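This report concerns only the one structure given below.
Quick note on labels: first sequence line is chain A, next is B, and so on, each numbered from 1. Model, not experiment: these values are computed from the prediction.
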Protein chains: 2
Amino acid sequence: MRRHPVVHPRIVAPSRSKTLRSPLVAVDVVIFTIADGELQALLVQLKGGPFAERWAFPGGLVPVGEAPEATATRELLTQTGIHDVYLEQLRSFGDPRRDPNAHVVSIAYFALVSDKGESQGNSKYTRLGWFPVPRLPSLAYDHNAIAAYALERLRSKLEYTNIVYSLLPSEFTLGELQEVYEIILGRWLDRRNFRKKILSLSLLRPLHRQRRGAHRPAQLYRFTRRTPMTIEML
Amino acid sequence: MRRHPVVHPRIVAPSRSKTLRSPLVAVDVVIFTIADGELQALLVQLKGGPFAERWAFPGGLVPVGEAPEATATRELLTQTGIHDVYLEQLRSFGDPRRDPNAHVVSIAYFALVSDKGESQGNSKYTRLGWFPVPRLPSLAYDHNAIAAYALERLRSKLEYTNIVYSLLPSEFTLGELQEVYEIILGRWLDRRNFRKKILSLSLLRPLHRQRRGAHRPAQLYRFTRRTPMTIEML
DNA sequence: TCAAAAGTGTTCTGGATACACCCATGA
DNA sequence: TCATGGGTGTATCCAGAACACTTTTGA
């Protein structure tokens, strides 16, 4: 019926017609990183509104004329200082009661960063905090549901894409790579099978340097391509 | 920054503030079925606007207070008469230029029906038509991109979920089931291997009836559960 | 010398693939 | 009798899983 101008005119300017009222559009970004042997997510603390003091994922309203993904990128930069990250749309959450103030349809994204460093930036308006994903507090809006969905997506994409590269620094050992998998998937992997499989994919280039520590030195590797590809990893 | 009321107030009523302008929200539904040995999709013909006469997926604006999925269900019923179908969110498409009239963020869904019959309903406002997916015309908005995305999703979900049940009538033969897979995946499957695999999943219950034709009678089957489950089908 | 992580190969098993012939029916 | 799809079993291959001991270093 939308296609019939009399019934659902898509053409009239929004401000002219009461029947054209539609929910607001927002984005929310779940930013994951690995730190302290855990999967962590970045939260901001709300200052006002019904969820004052509560934590939530960074995000914001999408203005007319801006692509939602651009909003996500922009809010990420202004709220957390993070830029140039892997960013992927999850899905939208549109329940009218998810925000008590107004009907806001939120498009959720997830982002992956290799370390917390970049997020020290512009925190002058908001308190930022990294939280271990297994023990997230009770979040504002429906953000706990978004978190669960994001985690599920991360787990499955880890298995059939190479996006794990965005959780690692440019140089890393096979042990560190395996640890990322173990933390996110929540299960131990056999080291020999893991190395066999990963090395057979020729995604990694061994360097001429090693990581030293209180143990036998470990070969350092680099990803040959840091660009998303779908490939059976496990 | 959205969390800071002064900068991005989420609280003010939409009509009060210019800064709160956000795109409109719509849904679009890609409805698939199998007919005449092909995957087909249901389109409606637009009557006015810059895409007059062009075909598009049924859909409509989401009103304030209604969950987008409810809008999708409702528009499906009013525009096509289709109800009680498998419906799944794909993702949202938000490019500001996808609709020349206004910035409309569309949440795309895909639906599966087992036959065209249900769509004869209320076509008094719009012309409806089923089109073979491999030969879709040039659609309105960005609907060709939505179609491509929907097809991709359908193909992958066919492999790891049981949603194929929603493309089949309540009783069917293994040959018909296999044909659905072959049409959608676009490749031939070995009959013996297919039957072995499918029957090993105990998703099907053989009936005491057979389908007759100009050939050896074929055993009829029924799905034991017509509810979405994730399971490795192929 | 000890703790801690790195490095390495083989066996087994199960699932996927490839493949060809006979059967029952309606026309 | 013929065309059409239905029904069936076996051999092969490969990837995944299971599994233990030695090495190198810093402390």
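- Listed pair B:Arg191 / D:dT8 fails the phosphate criterion, with no side-chain N or O lying under 4.0 Å from OP1 or OP2.
- Contact annotation: B:Arg192 side-chain N/O to D:dG7 OP1/OP2 distance is not under 4.0 Å.
- Nearest-nucleotide mapping onto DNA chain C: of B:Gly213 and A:Arg216, the residue sitting toward the 5' end is A:Arg216.
- Rounded to whole Å, the distance from CD on B:Gln178 to C1' on D:dG7 is 12 Å.
- Within the 4.0 angstrom heavy-atom criterion, no nucleotide atom of any strand lies near B:Leu189.
- One can place CD of A:Gln219 at 13 Å from P of D:dT25, the figure rounded to the nearest angstrom.
- Side-chain proximity of B:Pro217 to the nucleotides D:dA17, C:dA5, C:dT25 is greatest for C:dT25.
- Under 3.5 Å, the side chains of A:Thr173 and A:Gln219 contain no donor-acceptor pair of N or O atoms.
- The base of D:dT10 lies close enough to the side chain of B:Lys196 for a donor and an acceptor atom to sit less than 3.5 Å apart.
- Using a cut-off of 4.0 Å between Lys/Arg side-chain N and Asp/Glu carboxylate O, A:Glu53 and A:Lys47 are scored as not salt-bridged.
- Not a single donor-acceptor pair under 3.5 Å links the side chain of A:Thr80 to the backbone N or O of A:Leu77.
- Atom P of nucleotide D:dT4 and atom CD of B:Glu176 are separated by 18 Å, given to the nearest angstrom.
- Regarding B:Ile198, its CD1 atom lies at a distance of 15 Å from the P atom of C:dG15, rounded to whole Å.
- Between B:Leu177 atom CG and D:dG5 atom P there is a gap of 17 Å when expressed in whole angstrom units.
- Using bins of under 30°, 30° to 60° and over 60° for the plane-to-plane angle, the ring pair B:Phe223/B:Phe172 lands in the tilted bin.
- A donor-acceptor contact under 3.5 Å is not formed by the side chain of B:Lys197 with the base of C:dT17.
- Using a 4.0 Å cut-off between charged nitrogen and carboxylate oxygen, B:Asp190 and B:Lys196 do not count as a salt-bridge pair.
- Comparing A:Arg212 and B:Asp190 by the nucleotide of DNA chain D that holds the closest heavy atom to each, the one mapping nearer the 5' end is B:Asp190.
- Projected onto DNA chain C by closest heavy-atom contact, B:Asn193 and A:Asn193 fall at different nucleotides, the more 5' of which corresponds to A:Asn193.
- Across the protein-nucleic acid pair, A:Arg195 atom CZ and C:dA5 atom P stand 14 Å apart, rounded to whole Å.
- To the nearest angstrom, C1' of D:dA17 lies 15 Å from CZ of A:Phe194.
- Comparing A:Arg187 and B:Gln210 by the nucleotide of DNA chain D whose heavy atom lies nearest to each, the residue mapping closer to the 5' end is B:Gln210.
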